[in-house]
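All residue numbers refer to positions in the sequence shown, counting from 1.
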Amino acid sequence: QVQLVESGGGLVQAGASLRLSCAASGTIFSINAMGWYRQAPGKQRALVATISSGGTTDYADSVKGRFTISRDNAKNTVYLQMNSLKPEDTAVYYCNADVRPSRWSSYGSYWGQGTQVTVSS
């Protein structure tokens, strides 16, 4: 089995910072892209940031300049550093990873359980 375990969410005031972490564990042969998505009440899940296995990043326009995605391949972990948080950043944040469980299997998309980030004004 493959599981993604998140940490770092919480309740903060506008302008504060948080760092989210997501570690993949279980049966893993390799991991390709990893990313963060978020879903606010009444809205669909949307991309926040992604990072390829080689370190290429992509960000939603709404978080560019404020959020930074990174990864530690040795730890199978992806991070999201969130600075200058705004109330509109309030959402459930989900970790995603494209994981190849074994040499004889193909890549599949896996999701974390989600962690709540609430930014008060």
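Hydrophobic clustering (ILVMFWY, side-chain heavy atoms < 4.5 Å, transitive): V78 and Y59 are in one cluster. Linking ILVMFWY residues whenever their side-chain heavy atoms come closer than 4.5 Å, directly or via other members, places Y93 and V12 in the same cluster. In the hydrophobic clustering of ILVMFWY residues, with side-chain heavy atoms under 4.5 Å counting as a link, M34 and V2 come out together.
Residues Y107 and S30 have side chains that bring a donor and an acceptor to within less than 3.5 angstrom of each other. Between the side chains of N32 and S52, not a single donor N or O lies within less than 3.5 Å of an accepting N or O.
At least one donor-acceptor pair under 3.5 Å links the side chain of T77 to the backbone N or O of K75. Judged by distance alone, the side chain of N96 and the main-chain N or O of Y110 form a donor-acceptor pair under 3.5 Å.
Judged as a side chain to side chain donor-acceptor pair (under 3.5 Å), the pairs with a partner in residues 6-28 (not counting sequence neighbours) are, in order, S17-N83. Residue pairs meeting the ring pair (Phe, Tyr, Trp, His ring centres under 6.0 Å) criterion with at least one partner in residues 6-51, sequence neighbours excluded, are Y37-W111.
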Problem set entry | Intermediate values then yes/no, side chain to side chain donor-acceptor pair (under 3.5 Å), E88 and T90 | CA-CA 5 Å; E88 49 263 44; T90 295; over 6 Å; no

For this session: Dump the intermediate steps for side-chain contact (heavy atoms from CB on, under 4.5 Å) on Q3 and Q113, then the final yes or no.
Result: CA-CA 9 Å; Q3 59 181 340; Q113 77 286 354; over 6 Å; no

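For the side-chain contact (heavy atoms from CB on, under 4.5 Å) test, residues two or more places apart in sequence or in another chain that qualify with S70 are Y79. Applying the ring pair (Phe, Tyr, Trp, His ring centres under 6.0 Å) rule to Y94 yields no partners; only residues at least two apart in sequence or on another chain are considered. When the salt bridge (charged side-chain N to carboxylate O under 4.0 Å, His left out) test is applied to D98, no partner is found at least two apart in sequence or on another chain. The side chain to side chain donor-acceptor pair (under 3.5 Å) test applied to N76 returns no partner, not counting sequence neighbours. Residues satisfying the side-chain contact (heavy atoms from CB on, under 4.5 Å) test with N73, not counting sequence neighbours, are R71. Take T56 and apply the side chain to side chain donor-acceptor pair (under 3.5 Å) test, not counting sequence neighbours, and it matches no residue. K43 meets the side-chain contact (heavy atoms from CB on, under 4.5 Å) test with A40; sequence neighbours excluded. With sequence neighbours left out, the side-chain contact (heavy atoms from CB on, under 4.5 Å) criterion links S121 to P87. In terms of the side chain to side chain donor-acceptor pair (under 3.5 Å) criterion, S53 has no residue partners (sequence neighbours excluded).
The distance from atom CD of Q44 to atom CZ of R38, rounded to the nearest 0.5 Å, is 14.5 Å. L20 contributes atom CG, which lies 8.0 Å from atom CZ of F67 (distance to the nearest 0.5 angstrom). Distance check, rounded to the nearest 0.5 Å: CG of L47 to CG of D58 gives 6.5 Å. M82 contributes atom CE, which lies 11.5 Å from atom CD1 of I69 (distance to the nearest 0.5 angstrom).
At least one side-chain heavy atom of L18 sits less than 4.5 Å from a side-chain heavy atom of V117.
Counting all heavy atoms, side chain and backbone alike, A24 lies closest to I31 at CB-CD1, 3.9 Å. Scanning all heavy atoms of the two residues, the minimum distance from V119 to K86 falls at CB-O, 3.3 Å. Listed here is the closest heavy atom pair of L80 and A49: CD1-CB, 4.3 Å.
Through ILVMFWY side-chain contacts below 4.5 Å, L11 is grouped with nothing and stands alone.
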